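These values consider heavy atoms only, across backbone and side chains, with no hydrogens, waters or symmetry-generated copies. All values reported here derive from a predicted model rather than from experimental measurement.
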Amino acid sequence: MERPTSVVEHELELSLVLSPERSVPVPARLSYGSHDPYAVHITFHLDSGTPVTWVFGRELLVEGTFRPCGQGDVRIWPTRSGRRSVLCLALSSPAGDALLEAPLPAVAAWLERAHRLVPPGSELAALDLDGSLAELLA
């Protein structure tokens with residue numbers, strides 16, 4: 001019997017930093033589901049019409065709200081932009097690099113909701129490995 005999947009989503013506007021003086025707004029959706037309890041999904045709605053989704057560890061995003069972390073493709077750190085608290089996301093791919101700023105209070109509130117859905121440390125229980133294995137063998 002399959003467990004119901006619960007998802008916590010939040011729409012927000014990020015800023016794509018083009019230079020110290022210039023940035024453009026990028027609508028995005030944060031998504032976290034009990035079906036994939038170790039990962040967060042961030043979907044960027046770009047002008048190209050095709051959304052782009054990045055997936056990385058929930059723990060990485062949590063740590064990044066407090067201190068610089070990550071290496072390689074995803075680096076995250078908190079900072080201030082004027083009077084606002086922001087979360088910087090530096091993303092690297094073969095297609096290029098991007099520096100995005102997200103409103104830190106909104107991301108922190110969404111993470112809190114994700115933690116209520118699947119508390120840290122209980123991710124393995126949320127996976128329902130027995131149910132998945134029984135489904136594979138059926």
Side-chain angles (χ1 to χ4, degrees):
M1 178 159 134
E2 256 184 71
R3 258 188 210 177
T5 299
S6 297
V7 176
V8 176
E9 293 185 327
H10 182 67
E11 301 279 339
L12 73 164
E13 189 172 274
L14 305 183
S15 295
L16 174 61
V17 179
L18 302 175
S19 73
E21 306 81 35
R22 187 161 176 256
S23 63
V24 295
V26 176
R29 181 176 56 255
L30 299 171
S31 182
Y32 175 80
S34 59
H35 64 285
D36 191 5
Y38 289 103
V40 294
H41 300 247
I42 302 179
T43 301
F44 304 100
H45 302 284
L46 307 171
D47 290 338
S48 67
T50 305
V52 173
T53 300
W54 278 69
V55 181
F56 50 89
R58 174 173 72 164
E59 195 52 42
L60 178 68
L61 188 59
V62 170
E63 186 178 341
T65 64
F66 296 102
R67 65 187 138 283
C69 67
Q71 56 188 6
D73 295 347
V74 179
R75 292 177 295 123
I76 304 170
W77 66 94
T79 191
R80 296 197 68 75
S81 178
R83 299 176 69 168
R84 300 179 322 123
S85 293
V86 295
L87 187 65
C88 292
L89 298 162
L91 306 176
S92 297
S93 78
D97 300 332
L99 175 60
L100 296 132
E101 290 182 347
L104 184 55
V107 174
W110 173 77
L111 278 169
E112 200 171 292
R113 289 174 49 217
H115 281 158
R116 283 197 299 269
L117 180 63
V118 178
S122 70
E123 294 91 351
L124 197 55
L127 280 175
D128 185 26
L129 294 177
D130 290 336
S132 298
L133 185 58
E135 203 174 290
L136 281 173
L137 298 175

To the closest 0.5 Å, what do you measure between OG1 (T65) and CH2 (W77)?
14.5 Å
Quick check: do L18 and L99 have side-chain heavy atoms less than 4.5 Å from each other?
no
Work out which heavy atom in A106 is nearest to a heavy atom in H10; give both atom names and the distance.
CB-NE2, 4.0 Å
Quick one: pull up CG in L30 and CZ in R113 and give me the separation to the nearest 0.5 Å.
9.5 Å
Does the S15 side chain pair with the main chain of V17, one donor and one acceptor, at a distance under 3.5 Å?
no
Measure the spacing between CZ of R29 and NE2 of H45 and express it to the nearest 0.5 Å.
4.5 Å
Can you find a pair of side-chain heavy atoms, one from L87 and one from L61, that are under 4.5 Å apart?
yes
Between V40 and V86, is there a shared hydrophobic cluster once you connect ILVMFWY residues whose side-chain heavy atoms come closer than 4.5 Å?
no
Are L117 and L60 in one and the same hydrophobic cluster, where Ile, Leu, Val, Met, Phe, Trp and Tyr link if side-chain heavy atoms are under 4.5 Å apart?
yes
Assess the residue pair L16 and S23 against the criterion (side-chain contact (heavy atoms from CB on, under 4.5 Å)); give the C-alpha distance rounded to whole Å, side-chain angles, the decisive distance to 0.1 Å, and a yes or no.
CA-CA 5 Å; L16 174 61; S23 63; 5.9 Å; no
Kindly give the heavy-atom pair with the smallest separation between E63 and P68, and that separation in Å.
OE2-O, 4.5 Å
Nearest atoms (heavy-atom pairs only) where Y32 meets P37
OH-O, 2.7 Å
Write down the atom of P78, the atom of G64, and the distance for their closest heavy-atom approach.
CD-O, 3.0 Å
State, yes or no, whether a side-chain contact exists between L91 and D73 at a heavy-atom distance under 4.5 Å.
no
Say whether S92 and D97, considering side chains only, have a donor N or O and an acceptor N or O under 3.5 Å apart.
yes
Of all heavy-atom pairs between S85 and R80, which one has the smallest distance, and what is that distance?
OG-NH1, 2.8 Å
Within a strict 4.5 Å, meaning less than it, do heavy atoms of the F66 and I76 side chains meet?
no
Quick check for you: to the nearest 0.5 Å, what is the distance between R116 atom CZ and L111 atom CG?
11.0 Å
Is there side-chain contact between L89 and W54, with heavy atoms separated by less than 4.5 Å?
no
Quick check: does any side chain N or O of W110 sit under 3.5 Å from a backbone N or O of V8, one acting as donor and the other as acceptor?
yes
Are T50 and V52 packed together at the side-chain level, in the sense that at least one heavy-atom pair is separated by less than 4.5 angstrom?
no
Nearest 0.5 Å, please: how far is OG in S81 from CG in L104?
12.0 Å
Please report the interatomic distance OG1(T43) to CD(E9), rounded to the nearest 0.5 Å.
8.0 Å
